[in-house]
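Beneath this line is the structure, given in structure tokens, with notes to follow.
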Amino acid sequence: GIQHKAKDMFRELNLSEKLSTHSTRRYFITEMLKKTNGNIPLVAQLAGHSTWDVVRLYTKDVVDESADVNVGLF
């Protein structure tokens with residue numbers, strides 16, 4: 001199916017053997033989260049997900065856990 005055709009295309013383009021349809025989808029979702037400032041509903045729609053849950057899993061790739069964030073509570 002599509003994964004086999006994608007692998008052939010990746011090979012033809014001399015791209016990494018580790019590249020997969022899933023990794024390209026993950027890259028798209030992560031980049032869209034960055035470009036939309038974390039707009040999960042929009043990115044879920046763009047990726048064709050019916051729920052936001054799967055897209056939320058990718059937010060950990062976008063949020064810098066080590067950043068000191070001041071939310072202005074005090």
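Computed over heavy atoms, backbone and side chain alike; hydrogens, waters and symmetry mates excluded.
- Contact check on R11 versus D8 returns a salt bridge, with a Lys/Arg side-chain nitrogen under 4.0 Å from an Asp/Glu carboxylate oxygen.
- Under the side chain to side chain donor-acceptor pair (under 3.5 Å) criterion, S23 pairs with S20, sequence neighbours left out.
- With sequence neighbours left out, Y27 forms a side chain to side chain contact (heavy atoms under 4.5 Å, CB included) with E31.
- M9 belongs to a hydrophobic cluster whose remaining members, ordered by chain and number, are F10, L13, L15, L19; membership requires side-chain heavy atoms of ILVMFWY residues under 4.5 Å apart, directly or through intermediates.
- Partners of N14 according to the side chain to side chain contact (heavy atoms under 4.5 Å, CB included) rule, which considers only residues two or more places apart in sequence or in another chain, do not exist here.
- For residues 36-49, there are no salt bridge (charged side-chain N to carboxylate O under 4.0 Å, His left out) pairs, not counting sequence neighbours.
- When every heavy atom of E17 is checked against every heavy atom of K7, the shortest pair comes out as O-NZ, 3.0 Å.
- Residues that satisfy the side chain to side chain contact (heavy atoms under 4.5 Å, CB included) test with L46, not counting sequence neighbours, are F28, M32, L42.
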All N/O donor-acceptor pairs, side-chain side in residues 47-56, below 3.5 Å, sequence neighbours left out:
residue	atom	partner	partner atom	Å
H49	NE2	R25	NH2	3.3
D53	OD1	R56	NH1	3.0

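- Minimum heavy-atom separation, T21 to I2: CG2-O, 4.5 Å.
- Atom CG of N39 sits about 9.5 Å away from atom CD of Q45, to the nearest 0.5 Å.
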